[in-house]
Amino acid sequence: MRKVLALTMAAAMVAGTLAGCGGSAPAPAADNAAAPAAEAAAPAADAAAAPAAEASGDFDWKKFDGEEITVLFSEHTYADAVEEKLGEFTEKTGIKVNYSSMPEGNYFEKLNVELSSHSGSIDVFMTGAYQSWEYATAGNLEPLENFIGTDLTSPEWKYDDFIPAVIDALKWDCVPGHSVGTGSQWALPMGWEVNILTYNKKILEANGIQPPKTAEELLEASKKLKEFDGSGTYGLAVRGLPDWGTIHPAYMSMYSTWGAKDFEIEDGKLVSKVNSPEAVAMTEYWVDLVKNGGAPQWATYGWEMCGADLGAGKAAMMWDADRGGYTQNTPGSSNEAGNMAFGMVPYPEKAGKTAADMKSNLWVWSMAMNADSAKKEAAWYFMQYFTSPEFMLWSGVEKACTDTPRTSVLNSDAYKQSVANAEGYYEAFSTISKNASIFFTAQPYFTETTTEWAKTLQDLVTTNKYSSVQEAMDQLKVTMDELVSDLGVE
């Protein structure tokens, strides 16, 4: 059943109660992308759905002593850090946490089943900005301005300390095509990621290859490194599974750097642009890159396999989340730990692009509250505890949760010192952050459209289904236009 029914039902349920999906909507912005993360070190401005001034005076962390909540997370170092401190949270609050996690490949399927049941079986869960577009329009998310700045919020929590572009990526007014950054606060950031190149400097040096800076250099290096150390070794690890996770990191970063867009608004409708000249040229490049420089089993690769191959020395380079390479480089984490260095986003010189055009699609791992939870206050205590400046300083410095969403942590000497031994990391992260954003158009069919996109990429790389990339992208455009055809844009 199409989500139009869910949208209609959600609107009926939440009208008059949800600030973001009900009531008056802000005017549409000119650009569909979130504000760049360049304002990374600036304090967060007051939100459109502005939280009230934070509570003052003594804060009662034991107010919900004896309550029990259920938390479901995807397996991740962010989640590992939370799990390690669950005992301290319970000791501080008296709130018992039933915690479970699972691999990302199974996680969203499980979460979708739980949320669609509206049973309230989960109180807090892990999500991303893209998924919250779907969950918010379906009435699954509790708007957090109901808690931020109230007497349920500790004065030490400090909403304004979140990096503006990161916290704003989790706000939306639920109008397809409208930019993120306005409307309700649907989730809180656990960490954010830019997508940059990680390379094994030992392997590149042994093969006489300089770290690639341009798309052309990346393609040449990846081809040269095919079977650099025998069968199974290869140049560049990138994702290839037939789902949205393949589109959003490296592919979308290159796609945006090339100047292509997923959708544009025309005559009050979202219209796919995946068959534009820029989109086709970029995808032709990508297919060549994967076929001739990627993993032999690329079509089975998510981020876990990419990182594992990089750490094992099977892949000479990886283009994925910055912290994916970082965690493979920490002492004792992999066979190749200590040999990694970090680059930027390769830009296509033949398309007239320069380093100034580098763009990274932004990902924000977040935690959200189930609108059907019967333990919302206790759930909010969990959320604020595990997004507090104190917790995030510890997790950012001690637990390799390097992409902190808090300005105070990012600017701290302890944080800078903790990443100092990762060659090029702080430079790459701080540089790319200036042009990092969400380059997808906000709309509730994100999963469906990007899954079709990933399937098309798989067909182009692994089959002879299409006579050309142009033919494939023409057909993909038709499919994507149909998927969003019931969405009107105000």
Side-chain angles (χ1 to χ4, degrees), residues 69-93 95-111 122-128 131 166 187-195 198 239 245 249 302-312 318 320-337 340 363-369 379 381-406 409-410 412 414-415 418-419 421-422 425 429:
I69 62 172
T70 299
V71 174
L72 179 65
F73 279 178
S74 175
E75 289 180 1
H76 200 284
T77 48
Y78 298 131
D80 293 342
V82 170
E83 187 174 12
E84 189 168 328
K85 292 290 186 178
L86 287 176
E88 292 184 16
F89 170 75
T90 297
E91 182 178 355
K92 187 180 182 87
T93 64
I95 299 169
K96 180 181 177 182
V97 180
N98 296 315
Y99 173 89
S100 61
S101 65
M102 61 186 62
E104 185 179 327
N106 309 110
Y107 173 73
F108 284 105
E109 181 178 354
K110 166 71 172 174
L111 177 62
I122 299 169
D123 299 294
V124 178
F125 57 91
M126 206 160 159
T127 186
Q131 287 72 26
V166 181
L188 297 177
M190 300 172 71
W192 61 302
E193 298 164 356
V194 294
N195 293 287
T198 305
R239 305 188 201 189
W303 67 269
E304 301 95 334
M305 289 298 294
C306 291
D309 279 5
L310 181 73
M318 180 180 75
D320 206 276
D322 57 289
R323 62 179 323 285
Y326 184 91
T327 55
Q328 293 294 330
N329 197 49
T330 55
S333 62
S334 72
N335 291 339
E336 296 297 315
M340 310 299 177
W363 171 258
V364 187
W365 268 122
S366 321
M367 62 176 77
M369 187 187 303
Y381 268 41
F382 175 93
M383 294 178 71
Q384 67 172 307
Y385 183 91
F386 287 108
T387 58
S388 68
E390 180 181 7
F391 172 79
M392 289 191 157
L393 178 61
W394 171 80
S395 62
V397 173
E398 301 294 335
K399 301 306 294 182
C401 296
T402 51
D403 295 346
T404 176
R406 283 197 171 272
V409 177
L410 189 67
S412 69
Y415 172 81
S418 72
V419 300
N421 291 331
Y425 178 81
F429 180 70

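Note that these values count all heavy atoms, side chains included, but never hydrogens, waters or copies made by symmetry. Owing to the predicted nature of the structure, the values given are computational and were not obtained by experimental measurement.
- Here the CD1 atom belonging to Ile122 is positioned 6.5 Å from the NZ atom belonging to Lys110, to the nearest 0.5 angstrom.
- Taking CG from Asn98 and CD1 from Ile69, the interatomic distance works out to 8.5 Å, rounded to the nearest 0.5 Å.
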Item to check | Criterion side chain to side chain contact (heavy atoms under 4.5 Å, CB included) on Leu188 and Gln384, from CA distance to verdict | outcome: CA-CA 9 Å; Leu188 297 177; Gln384 67 172 307; 5.7 Å; no
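- Across Gly325 and Leu310, no two heavy atoms sit closer than the pair CA-CD2, 4.1 Å.
- Tyr415 contributes a side-chain N or O that, together with a main-chain N or O of Thr402, makes up a donor-acceptor pair within less than 3.5 Å.
- Within the 4.5 Å cutoff, no side-chain heavy atoms of Cys401 are placed close to those of Met392.
- A donor-acceptor pair under 3.5 Å is absent between the side-chain atoms of Thr90 and the main chain of Lys96, judged by distance alone.
- Once rounded to the nearest 0.5 Å, the distance linking OG1 of Thr127 with CG of Leu72 reads 11.0 Å.
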Next on the checklist: Pair Thr93, Phe382 - check side chain to side chain contact (heavy atoms under 4.5 Å, CB included), show working.
Outcome noted: CA-CA 9 Å; Thr93 64; Phe382 175 93; over 6 Å; no
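- Using a distance-only test at 3.5 Å, with no hydrogens or angles considered, a donor-acceptor pair links the side chain of Asp123 to the main chain of Thr70.
- Contact of the Met190 side chain with the Phe73 side chain is registered, since non-hydrogen atoms from C-beta on lie closer than 4.5 Å.
- Ion pairing between Lys399 and Asp80 fails under the 4.0 Å rule for side-chain N and carboxylate O.
- Between Ser395 and Ala81, the closest heavy-atom pair is CB-CB, 3.9 Å.
- In this structure a side-chain-to-backbone donor-acceptor pair under 3.5 Å is missing from Glu193 to Trp363.
- Ser100 contributes atom OG, which lies 9.0 Å from atom OH of Tyr107 (distance to the nearest 0.5 angstrom).
- For Asn329 (side chain) and Ala337 (main-chain N/O), no donor-acceptor pair under 3.5 Å exists by modelled atom type.
- Looking at Arg406, its side chain never comes within 3.5 Å of a backbone N or O of Glu390 through a donor-acceptor pair.
- Within the 3.5 Å criterion, the main-chain N or O of Gly191 finds no donor-acceptor partner in the side chain of Asp403.
- Taking all atoms of both residues into account, the shortest heavy-atom contact from Gly396 to Ser418 is O-OG, 4.1 Å.
- To the nearest 0.5 Å, atoms CD (Glu84) and OG1 (Thr77) are separated by 12.0 Å.
- With contacts defined as side-chain heavy-atom distances shorter than 4.5 Å, the pair Thr198/Tyr326 does not qualify.
- Heavy-atom contacts from other residues, nucleotides or ligands closer than 6.0 Å to CG of Asn421 number 12 or fewer.
- Residue Ser333 comes nearest to Thr327 through the heavy atom pair OG-O, 2.9 Å, listed as atom of the first residue, atom of the second, then distance.
- The side-chain heavy atoms of Met126 and His76, taken from C-beta on, include a pair separated by under 4.5 Å.
- The aromatic rings of Phe108 and Trp365 sit parallel, their planes meeting at an angle under 30°, below the 60° perpendicular limit.
- In this structure, Arg323 satisfies the cation-pi test against Tyr78, with its NZ or CZ atom closer than 6.0 Å to the six-membered ring centre and inside 45 degrees of the ring normal.
- The two atoms that bring Pro189 and Val364 nearest to each other are CB-CG1, 3.7 Å, heavy atoms only.
- To the nearest 0.5 angstrom, Trp303 atom CH2 is 7.0 Å from Glu104 atom CD.
- The shortest side-chain heavy-atom distance between Met318 and Met340 does not fall under the 4.5 Å cut-off.
- Between Tyr425 and Phe429, the two ring planes are parallel [angle under 30°; tilted spans 30° to 60°].
- Residue Phe89 is tested with Phe391, Tyr99, Tyr385 for a ring pair (Phe, Tyr, Trp, His ring centres under 6.0 Å); the sole match is Tyr385.
- The minimum heavy-atom distance between Val409 and Pro389, with the atom names listed, is CG2-O, 4.1 Å.
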